[in-house]
Amino acid sequence: MISVSLPDGSVRELPEGSNGFDLAGDISPSLKKASVIAEINGRQADLSRPLQGGDQVRLITKRDPEALEVLRHSAAHLMADAILRLFPKAQLTIGPPVEDGFYYDLYFPEGSDSVTPDDFGRIEQEMQRIAKEKHRFQRHDVDGEPATDEVFQRYRAIDGKDASGGLNKFKQELVDGILERGEGLSFYRHGDFVDLCRGPHVPDTGWLKNVKLTHVSGAYWRADASREQLVRVYGTAFFSKEELDEHLRLIEEAKKRDHRVLGEQLDLFSFHDEAPGFPFFHRKGTIVFNELVDFMRSLLRRDGYEEVRCPQILSEELWHRSGHYDNYLENMFFTKLKLRSEKNPDEVVDVSEERPMAVKPMNCPGHLLIYSERPRSHNEFPLRIGEMGLVHRREMSGVRHGLFRVQAFTQDDAHHFCTPDQIEAEIQFLIDFFKEVYAVFGLDDVRIELSTRPEKSIGSDEVWEEAEAALRRALDGKGIDYVVNEGDGAFYGPKIDFHIRDVLKRSWQCGTIQLDFSMPERFGLKYVAADGERYTPVMIHRACYGSLERFMGIIIENYAARFPLWLAPEQVQIVPVSDRFFDYARKVGAELRAAGLRVHVDLRDDRVGYKIRQASLQKVPYVIVVGEKEQDAGTINLRARDVEANNGEIGEMTVAELLAKVEGERRPGGVSAFVEARAVEVG
RNA sequence: GCCGGCAUAGCUCAGUGGCAGAGCAACUGCCUUGUAAGCAGUAGGUCCUCGGUUCAAAUCCGAGUGCCGGCUCCA
């Protein structure tokens, strides 16, 4: 007998040669069914691996996040098997699990057919067939000399059977690397398929029934553009059909909510070939944009920020001083002056400039100039200088994406200047500030990451230690969970990033807080302290929305463009039953407009049903229908987008009653009194 | 920047070498409309741009531009 210990500290006696399956079965049959792999002495291993006396064993089940990665890695093997059957010329390279699934990179020698999405159906069919056959995943370790290892030799034979050179050079490169590092080679086999692999895997292919191929893209061998071009086939896998279906539903839902499509349908913004990557905001998009700005401004005012405006174009010399020229050149736009030739007015020549200018990619240098414009005292600290700063950044072609990645965007940027011992309080203030803002949009799922000193960095150890400690103290002091990204900070200081999860479970990086000891130094910033001495202030860069454009894209998708009343570009649409009631409709419209609502009176010659449909497609929160009854009674008939009961029809009321009801939801974060009332009734 | 795909009416798309098309939207008229699409008619085109092949190009070929999916995750 051997004894192994479990995470709860208990010890189990098992017969000699027992493995993870036996352990799980010894505990309970349901655990045996749910177990995917074992973690033996902190290392992941197949359940089939024999246990030794004294091992610390943790059984990892379907519910553990690690299990999903194992499942998907196994699914990558299954997919590779299926693809090789259908595309015998393909050569395998690597196939890891990723965030939402897995991929396998394949090399298709010249002249051979490549995988396209049209092939997904038959590949999936093949995978289903292999899954049903329930082949065990069997591990083989190469213990002795690889040259004499039977499995390894057979693998080489199989792997190279159709490759022109006889062998798959990608796998060969991997094998060479593993041997060079002195690590052991290991292989996994299911059915006839063998692949070089570290493991572990699910027990058998029967686990891999809920698999779906998603897309295909290009990639390079080892992410090196000078190396071979590979075809990357992506898929995803789940333990249950329900989870897979839910995942596919979310992908479909995300497609439907694509802000680029909704932005066009709702006439919010557009893009044009004449300015690639630069959004044009239309009337309605501008309303949303301005509401976001107004809301942010109200908070900045409340919290004593000084809002400023800086020029768009500044001397190139300034960008040398700030370090952007050295570190950010590729992302900057530069101006080029031209002149008409005096001799020949048709001829245009470039002007050679003694002081060339550049378009700002960041707002900080402007704020630094404002700071240094006069002597500063610690008494005005913390000094918070904010700007709705429009910045321009060149992006490589191919990375632009709707409002999410543009070449000109507006940051709700601010720089806090303070003393070192004010850092902690400022950070805590900002964390509360950011969370307050996100909560207004229903974005309560906020993940915080702390990035620490990178290898390449400036500043003394003491300063860095103190800065990181201040960030940690601030986070710990608020009892906030956070992930640490070691060495991922900016070269001038550590930072805290805010990642927000939307209703479709997608994560977006929005806010950022960065400590900076470098820029104030470079610009010679000083303040006079209580002791009368001059010191260099600490600078904190921060942006809460991040980019207004990007944030707008996020909330369009988060709300599926069903904006809450305060953000809705069109808040009320008035539908007269026929042209006999146009005057009354105009009168009601004027009253609501006088109260500050954004109202559209629909005077087109169309049926009521048609106009209601139009308002619904445009996602207008409230529709008012007026006809003979309402005109005689001096009332309106209300229909609400967000009320499900009775098709959203709420009924007759006066304008005054309506205004009183919607007052709350006209403020950021406010909720509909109609929806709330219903919730109370139901609850 | 790199790989792959796409570009036809305002929008969504059909047309694959031989007359430029549909639905929706727009406009006009009729209907006097009561809670998600009334009826009829009219108009709308540099088939992305440039070059090539061909008797003939929206269609085939090349280049450019823009858009879309990826290009960080190293068995």
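The sequence lines fix the lettering, A, B, ..., with proteins before strands; numbering per chain opens at 1. This is a predicted model, so every value here is computed, not measured.
Residue Tyr103(A) places none of its side-chain N or O atoms closer than 4.0 Å to OP1 or OP2 of G69(B). When the side-chain nitrogen and oxygen atoms of Arg607(A) are compared with OP1 and OP2 of A36(B), none of them lie within a distance under 4.0 Å. Listed pair Tyr234(A) / C71(B) meets the phosphate criterion, a side-chain N or O lying under 4.0 Å from OP1 or OP2. Note on Asn647(A): a side-chain N or O is less than 4.0 Å away from OP1 or OP2 of A36(B).
Atom C1' of nucleotide C74(B) and atom CG of Asp105(A) are separated by 9 Å, given to the nearest angstrom. Distance Arg400(A) CZ to G1(B) C1': 12 Å, rounded to the nearest Å. If you take CZ of Arg405(A) and C1' of C67(B), they are 16 Å apart, rounded to a whole angstrom. Between the CD1 atom of Ile94(A) and the P atom of A75(B) there is a distance of 6 Å, given to the nearest Å. Straight-line distance from the NZ atom of Lys629(A) to the C1' atom of G34(B): 8 Å, rounded to whole Å. As a whole-Å value, the separation of Tyr104(A) OH from C73(B) P is 15 Å. Between the CZ atom of Phe581(A) and the C1' atom of U35(B) there is a distance of 15 Å, given to the nearest Å. One interatomic measurement links the two molecules: CZ of Phe404(A) to C1' of C67(B), which rounds to 17 Å at whole-angstrom precision.
If you find the closest nucleotide of RNA chain B to Leu230(A) and to Arg260(A), the one lying nearer the 5' end belongs to Leu230(A). Checking Arg613(A) against Glu395(A), the closest nucleotide of RNA chain B that is more toward the 5' end is the one next to Glu395(A).
Annotation: cation-pi pair Arg232(A)/Tyr103(A) present, NZ/CZ under 6.0 Å from the ring centroid and within 45° of its normal. The side-chain tip of Arg586(A) does not point at the ring of Phe581(A) from less than 6.0 angstrom away and within 45° of straight on.
Within 4.0 Å of Asp606(A), counting heavy atoms only, lies no atom of the nucleic acid at all. Among the protein residues, Val608(A) comes within range of the sugar-phosphate backbone only, with heavy atoms under 4.0 Å from sugar or phosphate atoms but none that close to a base. Within the nucleic acid shown, Gly177(A) has no heavy atom closer than 4.0 Å to any nucleic acid atom. Within the nucleic acid shown, Val399(A) comes within 4.0 Å of at least one base atom, counting heavy atoms only. Residue-level contact check: Arg394(A) touches neither bases nor backbone, having no heavy atom under 4.0 Å from any strand. Ser186(A) comes within contact range of at least one nucleobase, with a heavy-atom separation under 4.0 Å. Using a 4.0 Å heavy-atom distance criterion, Ile612(A) is classed as a base contact. Among the protein residues, Gly609(A) comes within range of the sugar-phosphate backbone only, with heavy atoms under 4.0 Å from sugar or phosphate atoms but none that close to a base.
Out of A25(B), G1(B), A75(B), the shortest distance to the side chain of Arg198(A) is found at A75(B). For Asp579(A), the side-chain atoms get nearest to U32(B) when compared with the rest of C73(B), G34(B), U32(B). For Glu264(A), counting side-chain heavy atoms from C-beta on, the closest listed nucleotide (U12(B), U35(B), C73(B)) is U12(B). The Arg232(A) side chain lies nearest to C71(B) when the options are U35(B), A26(B), C71(B). Distances were taken from every side-chain heavy atom of Leu196(A) (C-beta onward) to each of G34(B), C73(B), A75(B); the shortest belongs to A75(B). Comparing A25(B), A36(B), G34(B) against the side chain of Leu617(A) picks out A36(B) as the nearest. When distances run from any side-chain atom of Met396(A) to the nucleotides C67(B), A75(B), G1(B), the shortest one goes to G1(B). The nucleotide whose nearest atom lies closest to any side-chain atom of His401(A) is, among A75(B), U35(B), G69(B), G69(B). Out of A75(B), A25(B), A36(B), the shortest distance to the side chain of Leu174(A) is found at A75(B).
Atom CZ of Arg85(A) has more than 12 heavy atoms from other residues, nucleotides or ligands within 6.0 Å. The number of heavy-atom neighbours closer than 6.0 Å to NZ of Lys619(A), taken from other residues, nucleotides and ligands shown, is above 12.
For Glu630(A) against G34(B), a side-chain-to-base donor-acceptor contact under 3.5 Å is present. Under 3.5 Å, the side chain of Asp605(A) and the base of U32(B) form no donor-acceptor pair of N or O atoms.
Nucleotide U53(B): unpaired (no Watson-Crick or G-U wobble partner with both distances less than 3.5 Å). Base pairing of U46(B): no nucleotide in any strand meets the Watson-Crick or G-U wobble criterion (both distances under 3.5 Å). Pair check for A58(B) finds none; no Watson-Crick or G-U wobble contact set falls under 3.5 Å. Across every strand in view, G41(B) sits in a pair with C27(B) that passes the Watson-Crick or G-U test at under 3.5 angstrom. Under the Watson-Crick or G-U wobble criterion, with both distances below 3.5 Å, G4(B) is paired with C68(B).
Here the side chain of Thr635(A) pairs no donor or acceptor atom with the backbone of Glu652(A) at under 3.5 angstrom. Between the side chain of Asn646(A) and the backbone N or O of Glu649(A) there is at least one donor-acceptor pair closer than 3.5 Å. In this structure, the side chain of Asp602(A) engages the main chain of Arg604(A) through a donor-acceptor pair within 3.5 Å.
Separation of the P atoms belonging to U35(B) and A40(B) is 22 Å when rounded to the nearest angstrom.
The minimum heavy-atom distance between Thr236(A) and Asp100(A), with the atom names listed, is OG1-O, 2.5 Å.
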